[in-house]
2 protein chains.
Amino acid sequence: MISTQEQRQLIIHHPMFSHFTEKALEELLADAQPRDYPAQALIQRQGDPAERFYLVQSGKVKLFRISADGKEKVVEIIPAGRTFAEAVMFMQRSVFPVCAEALEPVRLIGFSNRLMLRHLEQNPQTCLHLLGHMSVRLHQRLDELETLTLQNATQRLALYLVSQVRDRGAESAEIELALPKSLIAARLSIKPETFSRAIANLRDRGLIDSRARVISIPSIQNLLDEFAEGQTPGPDYKAGVIATDKP
Amino acid sequence: MISTQEQRQLIIHHPMFSHFTEKALEELLADAQPRDYPAQALIQRQGDPAERFYLVQSGKVKLFRISADGKEKVVEIIPAGRTFAEAVMFMQRSVFPVCAEALEPVRLIGFSNRLMLRHLEQNPQTCLHLLGHMSVRLHQRLDELETLTLQNATQRLALYLVSQVRDRGAESAEIELALPKSLIAARLSIKPETFSRAIANLRDRGLIDSRARVISIPSIQNLLDEFAEGQTPGPDYKAGVIATDKP
DNA sequence: CGGCACATTGAAGCGGCTCAACATCAGTGG
DNA sequence: CCACTGATGTTGAGCCGCTTCAATGTGCCG
């Protein structure tokens, strides 16, 4: 059960719930479970049965996969205000596909999958919103797949830095790393040592300037030009083969 | 406009359309565009505006990304009977995130995104089906992400071989590669040479037996044990940190 | 049979990893 | 206030896996 006004506001204004009727909302809220986790707590384990999805009220959550030999792959860092594990509820066998860990003290609000599904059946608007949301996620995974296979460590770092720039379209920028470098390294699937060397590499070449956690980029364009991002191929790519119009 | 009975049957029985009313279906069918492509034809380019999604009537379609320096990453191979680019219609800026190429002579049926969205607004059942579909896709991408970062080339190949086994749960199996080895290599993000060496590696160790395009696996379990798949960590993983129940 | 695409095998190179030492900084307690 | 400590970040050296380049082998269709 949700108690505080702060929680109500957070939920009500979240796009996931904004199309619901008053009644449906009340039902979901009545069933919602707030829960606190200390830093480093394991919130869920991959393979656990999933009966709820979560909204992060405060703190940051790390989603990751872990392989049999103990190596982990950081999939995503969920900041406050965002939901996670919402895609799981649409699968037949509902188990968490990833582990979740609290990076800092975290407060979550858990919603019942069963209840949510029941309301979705009568609310195409929210379904469409969710579809949009999941399309974006799918697209992001695609970007990451490409980045991982087509770009080397330094390029991945450069793209990450650019993605952290708040002011889109600015010429230059100064950013402060929101996470420990070792975590960013994990997010980029590189080792901390390699991360450090990549930073040094960019610094030596004058593309960035780094002082501790603050990194300034004299020219964002230069950084991007150097490591051309996954853009559409030139217009002359494999030109010539055209489709026939009708079967 | 759809003409042949064969096409109608294919469409009507596809889960994407199975919940639609007769009337909605007729509207979609009236607008559907069949189209043929010769082998190697470029069907769509990443960045192209997307106004339709496609059902593959016959042939195979390769979805891939291409980077500025020409390296390509094969994202997926779509066989006959499946749709692609259906996730794009839910995004604001509707452009194809990948290139598509006909691996063989291909016949596609294209459906209007606009029309489909309009019908989805009145059909939560299909929305939910689509959500389920996209959850699975999201999950698959996750698997691939993990496989790419956590497993080496030989392990990836082993997992691929196992995934190609038709008879789930059988002790041993014999499979015939449905695609040229160089394409499978690309799908696994390894070079053909490495693919070849990986096959040789498994053969030398008695885990598989390969004669040209036919590969037999004496014991599927052995193959999996060797390269323990991304399974849930042992029950003792980071035990101890428990959540407090209430805020 | 020739020709060509596909596949295999060898040798060398390179990028990122591992291991190890050292630096830096924050927090702690004397 | 400073010495101690542990976490985090940096730097160096060597190694390993995959790629690259190049040569050779194999199968298919003219």
Side-chain angles (χ1 to χ4, degrees), chain A residues 38-40 60 62 67 69-74 101 103-104 147-161 175-205 208-215 226-227, chain B residues 39-40 60 62 67 69-74 101 103-104 147-161 176-205 208-215 226-227:
Chain A
Q40 271 77 51
K60 287 195 183 71
K62 176 177 82 171
S67 70
D69 55 347
K71 285 187 295 190
E72 78 171 42
K73 158 70 187 162
V74 176
E101 185 186 300
L103 284 178
E104 1 178 315
T147 302
L148 272 175
T149 54
L150 264 33
Q151 259 124 14
N152 66 25
T154 311
Q155 292 173 319
R156 296 211 290 277
L157 170 60
L159 289 179
Y160 174 81
L161 292 179
I175 58 185
E176 176 158 6
L177 302 179
L179 301 167
K181 293 188 179 179
S182 54
L183 226 181
I184 299 175
R187 187 69 251 285
L188 298 173
S189 291
I190 57 185
K191 298 292 148 185
E193 296 95 324
T194 306
F195 181 91
S196 192
R197 286 184 240 271
I199 288 276
N201 181 1
L202 292 179
R203 194 185 331 102
D204 291 350
R205 293 161 59 187
I208 65 170
D209 202 2
S210 79
R211 300 176 299 283
R213 319 195 54 66
V214 180
I215 292 183
E226 197 72 17
F227 306 115
Chain B
Q40 271 75 50
K60 287 196 184 71
K62 176 176 81 170
S67 70
D69 55 345
K71 286 187 295 189
E72 79 171 43
K73 159 68 186 163
V74 175
E101 183 186 300
L103 285 178
E104 2 177 316
T147 302
L148 272 175
T149 54
L150 264 33
Q151 259 123 13
N152 66 26
T154 311
Q155 291 173 320
R156 296 213 289 278
L157 170 60
L159 288 179
Y160 175 81
L161 292 179
E176 176 157 6
L177 302 180
L179 303 167
K181 293 187 178 180
S182 54
L183 226 181
I184 299 176
R187 186 68 249 286
L188 298 174
S189 291
I190 56 184
K191 298 292 150 187
E193 295 95 324
T194 307
F195 181 93
S196 193
R197 286 184 242 268
I199 289 276
N201 181 358
L202 292 178
R203 195 186 330 103
D204 291 350
R205 293 160 60 187
I208 65 169
D209 202 4
S210 79
R211 301 175 301 281
R213 320 197 51 67
V214 181
I215 292 182
E226 198 71 18
F227 307 115

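Within every chain, numbering begins at 1; the chains are lettered A, B, ... in the order of the sequence lines, protein sequences first and strands thereafter.
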Tabulate below the donor-acceptor pairs under 3.5 Å that side-chain atoms of residues 177-198 of chain A make, not counting sequence neighbours, or state none.
unit_1, atom_1, unit_2, atom_2, d
K181(A), NZ, A212(A), O, 3.3
R187(A), NE, V75(A), O, 3.4
R187(A), NH2, V75(A), O, 2.9
R187(A), NH2, E144(A), OE1, 2.6
R187(A), NH2, E144(A), OE2, 3.0
S189(A), OG, K73(A), NZ, 2.8

Distances under 3.5 Å between nitrogen or oxygen atoms of protein and nucleotides 14-16 of chain D:
none

DNA chain C contacts made by residues 177-191 of chain B, counting heavy atoms under 4.0 Å: P180(B), K181(B), S182(B)
Interatomic distance, N201(B) CG vs dG17(D) P [rounded to whole Å]: 10 Å
Rounded interatomic separation in angstrom, taking CG from L157(B) and P from dG17(D): 16 Å
Nearest-0.5 Å distance, CD of residue Q40(A) to NZ of residue K62(A): 8.5 Å
Between dC17(C) (P) and E72(A) (CD): distance, integer Å: 14 Å
Value in whole Å for how far the C1' atom of dA5(C) lies from CZ of R213(B): 12 Å
Sequence-distant partners of R213(A), side-chain hydrogen bond (donor to acceptor under 3.5 Å, both in side chains), two or more places apart: none
Approximate separation, where rounding is to 0.5 Å, of I208(A) CD1 and L161(A) CG: 6.0 Å
Distance in Å, T154(B) OG1 paired with L202(B) CG, rounded so as to fall on 0.5 Å steps: 6.0 Å
Contacts of R205(A) that satisfy salt bridge (Lys or Arg N to Asp or Glu O under 4.0 Å) - sequence neighbours left out: E226(A)
Distance, rounded to the nearest Å, where F195(B) contributes CZ and dT19(D) contributes P: 13 Å
Whole angstrom value for the distance that separates C1' of dG15(C) from CG of N152(B): 16 Å
Distance test, side-chain N/O of S196(A) to OP1/OP2 of dT10(D), below 4.0 Å: yes
Inter-residue atom distance N152(B).CG - T147(B).OG1, 0.5 Å rounding: 11.0 Å
Inter-axis angle, terminal five-pair segments of the helix from dC1(C)-dG30(D) to dG30(C)-dC1(D) [nearest 10°]: 20°
Distance, nearest 0.5 Å, that separates CG of L157(A) from CD of Q151(A): 12.0 Å
Whole-Å distance separating the CD1 atom of I199(A) from the P atom of dT11(D): 11 Å
Value in whole Å for how far the P atom of dA7(C) lies from CD1 of I215(B): 11 Å
Distances under 3.5 Å between protein N/O atoms and the N/O atoms of nucleotides 21-29 of chain D, please, pair by pair.
unit_1, atom_1, unit_2, atom_2, d
dC21(D), N4, E193(B), OE2, 3.2

Nearest-0.5 Å distance, CG of residue L148(B) to OG1 of residue T149(A): 6.5 Å
